[in-house]
Asker: 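Structure below; questions to follow.
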Amino acid sequence: MSKRLKVIFSSLAVALIIALVSSLYPASPSYAYTGGLLNGKSINYGPNEITINGTFSELTDNNETTSYSLGGYNSPSIKTIWYKFPEVASINAYQIKAITNKMKFSFYDLTGNLIGDVASPDVSGTKIDGLSFDNVSKIAITNTTNSAFGIYEVDFFGEEHAASTPTPEPIPTVTPEPSPSATPEVPSGGRAILTITLTTGLDKEFDLPISEVNEFLNWYDSTNGSARYGIDKHDNNKGPFSKRTEYVIHDKILTFEVSEYTAQ
């Protein structure tokens with residue numbers, strides 16, 4: 001066998017070995033969006049970010065040769081795709097490959113309120129940083145045109161975490177008032193009807209001596225006073241109790257009115 005034929009057969013043998021190895025170990029997709037929060041997840045589709053008409057995974061399979069046709073206003077049943085996190089996430093970047101950028105990303109919190117959105121995103125398949133959305137429960141992508149178009153791959157980047165619990169407001173501590181005298185009070189001298197309107201719209205009315213009305217006014221005008229004020233209801237609707245005191249909270253008072261009169 002000539003030297004030239006040996007070279008040809010050797011080249012063919014190498015080519016066959018490379019082809020065999022490639023068939024046994026196929027290359028990974030060249031468009032893998034690694035590290036994304038939606039990687040391999042199923043995506044919902046429907047007319048909005050609430051209604052589910054079905055699910056698919058072509059946009060999160062790390063392969064830009066597969067695609068999904070996002071419907072427009074002429075096909076409303078498939079014009080929105082969305083994903084809901086098990087908890088919440090902080091989003092700082094996105095990556096999407098699509099035919100056009102005539103779409104909008106919307107980010108929602110746990111209660112369904114819109115946190116913010118991104119209109120006309122970069123659809124070149126390049127990872128785009130600079131987003132800053134926290135406590136995101138749901139991401140939706142909506143077609144903003146009348147016509148459908150193809151999306152090949154999409155992902156968002158950041159960190160999933162547990163939803164934060166709001167810190168409860170402290171409950172005011174009620175200090176017991178001294179026991180009243182056993183002698184019934186005999187109304188005399190100057191008195192007034194103190195009418196307090198709360199921020200809830202509720203009216204509270206108290207029949208009090210002028211001295212106690214003045215104490216209330218001094219408390220209300222004080223910047224160093226306590227957050228609450230106890231008003232002795234005296235013999236008004238006392239019922240079986242030895243004493244009834246109603247407490248009002250300073251920042252819950254909307255207005256108040258003092259109507260003076262002289263007890264006979």
Side-chain angles (χ1 to χ4, degrees), residues 21-72 75-145 148-164:
V21 171
S22 298
S23 65
L24 293 176
Y25 303 97
S28 299
S30 59
Y31 301 111
Y33 290 15
T34 57
L37 299 175
L38 306 189
N39 187 18
K41 305 290 179 61
S42 293
I43 306 297
N44 304 306
Y45 68 83
N48 49 50
E49 74 281 357
I50 299 174
T51 305
I52 302 176
N53 286 346
T55 61
F56 65 97
S57 58
E58 286 83 354
L59 300 189
T60 57
D61 59 0
N62 293 327
N63 189 346
E64 286 185 345
T65 63
T66 60
S67 65
Y68 173 82
S69 180
L70 186 62
S75 50
S77 63
I78 55 172
K79 77 182 185 72
T80 300
I81 58 177
W82 52 277
Y83 177 78
K84 189 176 189 305
F85 293 102
E87 290 282 348
V88 293
S90 298
I91 307 298
N92 55 38
Y94 71 89
Q95 189 171 3
I96 185 170
K97 180 74 172 179
I99 295 294
T100 177
N101 68 344
K102 303 301 183 182
M103 67 181 82
K104 179 177 66 174
F105 301 156
S106 300
F107 303 88
Y108 298 89
D109 64 16
L110 280 170
T111 61
N113 292 322
L114 179 66
I115 300 174
D117 51 35
V118 175
S120 304
D122 184 316
V123 296
S124 64
T126 303
K127 184 179 178 182
I128 305 298
D129 296 309
L131 300 187
S132 182
F133 298 108
D134 198 15
N135 290 319
V136 176
S137 173
K138 183 186 297 183
I139 300 175
I141 302 174
T142 303
N143 186 341
T144 57
T145 70
F149 58 80
I151 300 178
Y152 298 100
E153 197 73 12
V154 65
D155 215 334
F156 293 86
F157 301 85
E159 182 181 7
E160 291 188 63
H161 55 84
S164 58

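Side-chain atoms are counted along with the backbone in the values below, which use heavy atoms only and exclude waters and symmetry mates.
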Asker: Side chain of E49, backbone of I139: donor and acceptor closer than 3.5 Å?
Answerer: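 The answer is no, because no donor-acceptor pair under 3.5 Å joins these two groups.
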Asker: Strictly distance-based, threshold 3.5 Å: is any side-chain N or O of S69 a donor or acceptor partner for the main-chain N or O of A148?
Answerer: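 Answer holds: no.
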Asker: Calculate, to the nearest 0.5 Å, the distance between atoms NZ and CG belonging to K104 and N101 respectively.
Answerer: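 It comes to 14.0 Å.
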Asker: Does N143 reach the main-chain N or O of L70 with its side chain, forming a donor-acceptor pair under 3.5 Å?
Answerer: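 Looks like yes, one N/O pair under 3.5 Å.
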Asker: So, Q95 side chain and G125 main chain: donor-acceptor pair closer than 3.5 Å or not?
Answerer: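 Yes; judged by distance alone, with no hydrogens or angles, the pair exists.
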Asker: Is a side-chain donor or acceptor of E58 paired with a backbone partner of S67 at a separation under 3.5 angstrom?
Answerer: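 Answer holds: no.
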Asker: How about N39 and N62: does a side-chain donor come under 3.5 Å of a side-chain acceptor?
Answerer: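 There is such a pair between these side chains.
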Asker: Can you give me the closest heavy-atom contact between S42 and T55, atom names plus distance?
Answerer: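 Reported closest heavy-atom pair: CB-CB, 4.5 Å.
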Asker: Compute both the distance and the angle, then confirm whether K127 meets the cation-pi test with F157: under 6.0 Å from the six-membered ring centre, within 45 degrees of the axis.
Answerer: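 Yes, K127 sits over the ring of F157.
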Asker: Does the Y94 side chain pair with the main chain of D122, one donor and one acceptor, at a distance under 3.5 Å?
Answerer: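 Answer holds: yes.
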Asker: Heavy atoms, side chains only, cut-off 4.5 Å: are K79 and P47 in contact?
Answerer: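 Result no, sub-4.5 Å side-chain heavy-atom pair not found.
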Asker: Report yes if the distance between the aromatic ring centroids of F105 and F156 is under 6.0 Å, otherwise no.
Answerer: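 Yes - the distance between ring centres of F105 and F156 falls below the 6.0 Å cut-off.
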Asker: Between atom NZ of K97 and atom OG1 of T65, what is the distance when rounded to the nearest 0.5 Å?
Answerer: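 The distance works out to 12.5 Å.
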Asker: Going from CG on N135 to CG on D109, what distance comes out if it is rounded to the nearest 0.5 angstrom?
Answerer: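 So the gap between those two atoms works out to 8.0 Å.
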Asker: Does K102 offer a backbone N or O that forms a donor-acceptor pair with the side chain of T144 under 3.5 Å?
Answerer: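 Yes; judged by distance alone, with no hydrogens or angles, the pair exists.
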Asker: Any donor-acceptor pair under 3.5 Å linking the side-chain atoms of S90 with those of D134?
Answerer: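 There is such a pair between these side chains.
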Asker: Are W82 and I52 close enough that some pair of their side-chain heavy atoms sits under 4.5 Å apart?
Answerer: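 With C-beta onward as the side chain, the pair touches.
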Asker: To the nearest 0.5 angstrom, please state how far the CG atom of D61 sits from the OG1 atom of T66.
Answerer: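 One gets 3.5 Å once the value is rounded to the nearest 0.5 Å.
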Asker: Mind telling me whether Y68 and F56 have parallel, tilted or perpendicular rings, with 30° and 60° as the class edges?
Answerer: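 Geometry flag for Y68 against F56: parallel rings.
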Asker: Nearest 0.5 angstrom please: K84 NZ to I43 CD1, how far?
Answerer: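 Atom-to-atom, K84:NZ and I43:CD1 are 14.0 Å apart.
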Asker: So which heavy atom on E160 is nearest to which on L37, and how close?
Answerer: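 Between these two residues, the closest heavy atoms are CG-CD2, 4.1 Å.
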Asker: Restricting to non-hydrogen atoms, name the atom on A163 and the atom on E87 that form the minimum distance, rounded to 0.1 Å.
Answerer: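 Closest approach of A163 to E87: N-OE1, 3.4 Å.
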Asker: Compare every heavy atom of T60 with every heavy atom of V154, then report the nearest pair and how far apart it is.
Answerer: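 Shortest heavy-atom separation between V154 and T60 comes out as O-CG2, 4.0 Å.
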Asker: Looking only at non-hydrogen atoms, find the nearest pair between G46 and N53 and report the distance.
Answerer: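 The answer is CA-ND2, 3.8 Å.
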Asker: Between D155 (side chain only) and L38 (backbone N and O only), is there a donor and an acceptor less than 3.5 Å apart?
Answerer: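 Answer holds: yes.
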Asker: To the nearest 0.5 angstrom, please state how far the CD1 atom of I141 sits from the CD1 atom of I96.
Answerer: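 It is 4.5 Å, given to the nearest 0.5 Å.
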Asker: Test F133 against V118 for side-chain contact (heavy atoms from CB on, under 4.5 Å), laying out the working first.
Answerer: CA-CA 11 Å; F133 298 108; V118 175; 4.1 Å; yes
Asker: For the residue pair I91 and F85, what are the closest heavy atoms and their distance?
Answerer: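 I91 and F85 have their closest heavy atoms at CD1-CZ, 4.2 Å.
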